[in-house]
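This report refers to the structure that appears directly beneath it.
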Amino acid sequence: MSDIQLYLLEIEKNKKEASAIARQSATKLQNNQLKLVGLIQGLGEYINSEDGAIRAKTMLYLAEVLAAIPQKVFSLQQRNLLCDFILSRITDDTEGLGACTKGLLALEKLGKWDDERVGNIMETLLHNTHPLRQYKFQSERYPVLQLIDHLMAKYRDALRNLHDTTPDFMGRFISYFDGEKDPRNLMVVFSILRVPMTEWNIRGDAQELFDAVFNYFPITFRPPPDDPYGITAQDLKDRLRNCISSTPDFAPYAFPALLDKLDSTSINTKRDVLQTVTSCVTEYGSRTVSLYSVTLWDSLKYEILNTTEEDLAQEALSGLAAIASSLSQGATGPLNAYLRPVTKECNEHLEDAPTKQSEASGRILRKVAAVSAEVDNIIISSVLPNIFTLYQTADTMAKRRGLLEVLIQLLQANIEVYGEWRSVVSSGDQSAKNALAQLGDQALEILTNGLSSAAVKEVSFRLVCVNGLIQLSRVRQLLSDSDIGKVIQLLHDIVIHEESYGKDEIKEAAINGLVEIAHQKPQVVVDYAFPAFMAQLPDIDVAQSTAYIPVLEAFAKLGGEEKIFDRVILRLKNKLNSAVQQGATSKYIVALLSAMIYALNQGASRLKQESESSSYYNDIVLPLLSQASSSEVTYRQAFNDETTLDLVGRICNIIVRPQPLEVQNKVSAGLYTLFRRVSQTEVPPFSTKASAEDQKTMVVSTHLLAAFRKEAMLPCEVQVLLPSLVNFSQTPSLSNIVRAASLRQISLVVNKYIPTPSLKHLLQPVLQSPIDLLNSELLDPSRIRIIFALLKGLVLRNSTLLNTVYPCLLSFLSNPTYGKTVAYGFTTLLQPDDLLTKANHCQISGLHKQKSFALLVPDITSSIRESSTEIRPNYLIALSGILRWTPFEIAVQEVGQMVPLLLQSLDLKDEDIVKEAAIGTLTSILRECPKEIETHAGSLVSRLLNNAIVTHTHPSSTPCSSQSHSISATPAKLRAEALKCLALVPEMLRQETVLPYRRQVVKRLTGALDDRKRRVRSEAVRCRSGWLGLDEEDDE
Amino acid sequence: MADNKDNANPTILNASDLPSRRRDSIAKKREDGGTGLFDGLVPSYNYLSDPFEYPLSSSDSDEDSAEDIDEQEIYDLISSISDPEHPLSLGSLAVVNLPDIHILPPTSPHSSISTVVVEITPTITHCSLATVIGLGVRARLEQALPPRFRVDVRIKKGTHSTDEAVNKQLGDKERVAAALENGTLMNVLRKMLSTCE
């Protein structure tokens, strides 16, 4: 059988196989086993078949053979012959058009055609196959379009010539594609038509050409679910938009047609129109746009002034800005002609400020003004004076606020165009010609007067004034330093002297304003605000006055600005020194130390630079340490208080933490002596006989110990330190804070300073004899504390020792005397900690929560079931302690087991923390896996109600009255949480599950509506309306 | 659509100017006049908190003091209702105003029934939706107040061309009940109330 026979047999069954046959024929041609003449002659019988399908398939075979032939196998003459042959098929036969054009495309790839050939092909197609839509199959039309697209890409001149020399060519060409509907084909059609649109002279045919594409507007195509071609509506929209915006010749047709469609009710259509208008404006060029600018303004403004959809307003704003941007590339006349009606109308709307439309006008002006320096100048000089006049004659504060809001918009646009002090815009510094320069003084005056003369209760008005002043101070090269100084003065006056009012929004805005100005003009802030702030900070505080607090807060915030961070710290340090020297109260010292911590935290990145931080170490840490541990009376008094020492410790921690190892080793040598001339054995934790005063130094050393790297050299061996700490922390005379600090040191040592291999060995003497912590007979509160302190260190590093310690711990829960104390400790295990952190170089395993949860919770849940009623609460308390800090993703595996237990704990009496944790977990379960709780809905609802509602029980009226006659008092917070959880029930559970409880809940909640506490009432309202909403949906 | 609104360009109050409770209470709480900037420096779960010392500490210290339902609370309940025409709250449109809310104590010592009077101010005098707004306010308060309150919603005198007629409608229990049976009206009300917190 010949190749063509094989091909015809195969093509129906297996396309791949058929193509392989065609490739074989191609190879034969290449090897001269087969002559071209032979090939064509072999086709004869089939190409003249009665059956159209066979004729088409035969041509497909030829096309596939041609596609598989490498270049240079055929001579020019042969290629011409083949081309003529295929064209004759197109002329004579209506079948096989797709195959023929595929063949032509393959031929073209074998050798370039001349212009005449291209024209001939184009004309043959137009003459014989016009219009293309007569071919029903997409697969027939697609190769034709591909061929034309290819010709457009490679033979532009030839086709343009054809158009220039053939009078009726364009008309036939455009109508050739009429009625195409397939998205794949349309993508090609749009790209074909774009060539004549952009490159040919189409004067006479512009409208026809425009209509040919605009007929498809708006694109409403929605790709089928598993669309194999991956063409989205957006692809089509983009191509179509490119066509519409391709030539200014379309403007007379495009703008009216588009604006007409803007009246559509479909948001999608409107969005499409607005985007297309914007790209037309951008592409058509300033001369064309100038003809339509005012018409466009009249239509687009409507979308902003009467906005219903925010994104449409945004698109319309972009359109208006695009017009201004296009026009500002041309002459000034048209630009003015466009901006005149814009500013006129906006000015009119400003007259009735504050309204929706005056607000919209502000947005329009803001967006358009930001286009270029020229536009901004025109708008500033035609709107700003009007704002000033209206402001002066305004009769209400609300109106003045509305006007100033627009002023701020203009200032922001101005900054966008001309830049701010700290950064020049990319287009370069043009501040010299900023039109705002003439009006800046007036704006400053209005804003300054507004801020200082308005009553304190005019919050929103004054907020706007503050914002306006900040923006004005930002504008590059506008205000003089002394003017900015005046603004700063106004702002710090508000911070320092003004009475607190309402939510203190204005003070907050003033502080943030100072920070922003410090960003722009650090030196001016230092010159003006620092003396004012410093004057308000006394060396010694008197008579209970706490007026310094807001000042310190503001000052500390200024530390966030990099350029003045150093100076803020320096001033605070000096102030602290004088306060200490002059015997200020500990309250004042605490406030100063807090301000330092706040500023240091903000400047943490600077502390990482070594050179900087070592100077902080010398200037701040060393003096503070020596003062805190000094025996001089002045210092003793100042640093007597443990809270103060805690803050001192925290400051040292922040600075020492990033220091290199050598420095840390130096600090470590004086860790417990704090560089006093005493022997280490005489100070805690090595001496248990130290005075109460000396014991307090443990608070500072805890923070230092936390700051060191793992590799730091401790002042003594861990073998000695750990038992000393254990003993010291059991000293009965310790204050709570010192004891807590000592226990934390145990956690830190266990976590950071013992390498894993020696962990077991070093903890042996502590856990077993001689100290014997795990002996249940020796259990007492202070030993329980030590156990949990050790565990804290172990849990975070996920130590294998947990496998042996946890079982002991769980067995302690059934201890009749101390079981409950142990139970309370469980909450510490997974609680986040402020000292054992990554930043403090601790070992923290990412999986520690999972591991502890897995080791503890299953055991607890199974123990609860076997436990007696007296012991059971201990387990429930322990469980809640763990759950409190376990992320829900970890807890989720045990949810099924836990739900009944959680519900039980809601019945506990007087265990409010436990209940709170239980409700928290139940809330998460409701949110994340409501299915697990579905079967318990009834008992969940009634228990939540019991905890949510304060019941005044009378002995006779209720069956459960045996408990009490008095008010059952769960705390307000718990009541509110219970209501929050209850509100989730109808939201998360299936309607048929919850509906039976609706009546009961709605009725009993009226009790909660009358709760004594407001926050409970507001939760009750929310909860009740959720339950009330239940059957409404049912009605529908 | 926009053209059919009774008042397409209403005046809007700024959220900072609306009366709110937090204003007073925060100022009272922070006697030092600060904003609490330094409060967060030492985390609440710091090493100093001892779980063994006071395990029952969740109860608030001010648990005993009762906070009575007052005008501000009523305002908070209804000011977040949406206007049926604009996506704005009744508070920001000044349809409900704090001074126009009154709680009248029980008329006799034997009675425990207090009355809440709310006077609403339509944005314009011919507002056709005044009745709907009144109904919405009423429905919200009846859901959210304990039964010992009686609710009386009316249009503020002189702010509406037909205020008396509307008041009659709002005061008539049976007409209100009948109105609440109306499905379309209920849908409007539900949409208005959906923005309540």
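The chains referred to below are lettered A, B, ... by the order of the sequence lines, with proteins before strands, and numbering in each begins at 1. Remember, it's a predicted structure, so these values are computed and weren't measured experimentally.
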(request) Mind ranking A/Glu642, A/Lys557, A/Arg401 by heavy-atom pairs under 4.5 Å with chain B and telling me who comes out on top? (result) A/Arg401
(message) Does any backbone or side-chain atom of A/Glu498 lie under 4.5 Å from a heavy atom of chain B? Answer side chain, backbone, both or neither.
(response) neither
(request) Name the region of A/Leu647, side chain, backbone, both or neither, that has any atom closer than 4.5 Å to a heavy atom of chain B. (result) side chain
(message) Under 4.0 Å between a side-chain nitrogen and a carboxylate oxygen: does that hold for A/Arg975 and A/Asp1011?
(response) yes
(request) Using a cut-off of under 4.5 Å on heavy-atom pairs, state which of A/Ala556, A/Ala398, A/Ala595 scores highest against chain B. (result) A/Ala595
(message) Ignoring hydrogens, what is the shortest heavy-atom contact between A/Val495 and A/Pro550? Give both atom names and the distance.
(response) CG1-O, 4.1 Å
(message) Heavy-atom cut-off 4.5 Å, strictly under: side chain, backbone, both or neither for B/Ile69 against chain A?
(response) both
(message) For a quick check under 3.5 Å, do B/Gln143 and A/Ser1025 share a side-chain donor-acceptor pair by atom type?
(response) no
(message) For the CH2 atom of A/Trp885 and the OG1 atom of A/Thr827, what is their distance to the nearest 0.5 Å?
(response) 6.0 Å
(message) Between B/Ser82 and B/Thr195, is there a side-chain donor-acceptor contact under 3.5 Å, judged purely by atom types and distance?
(response) yes
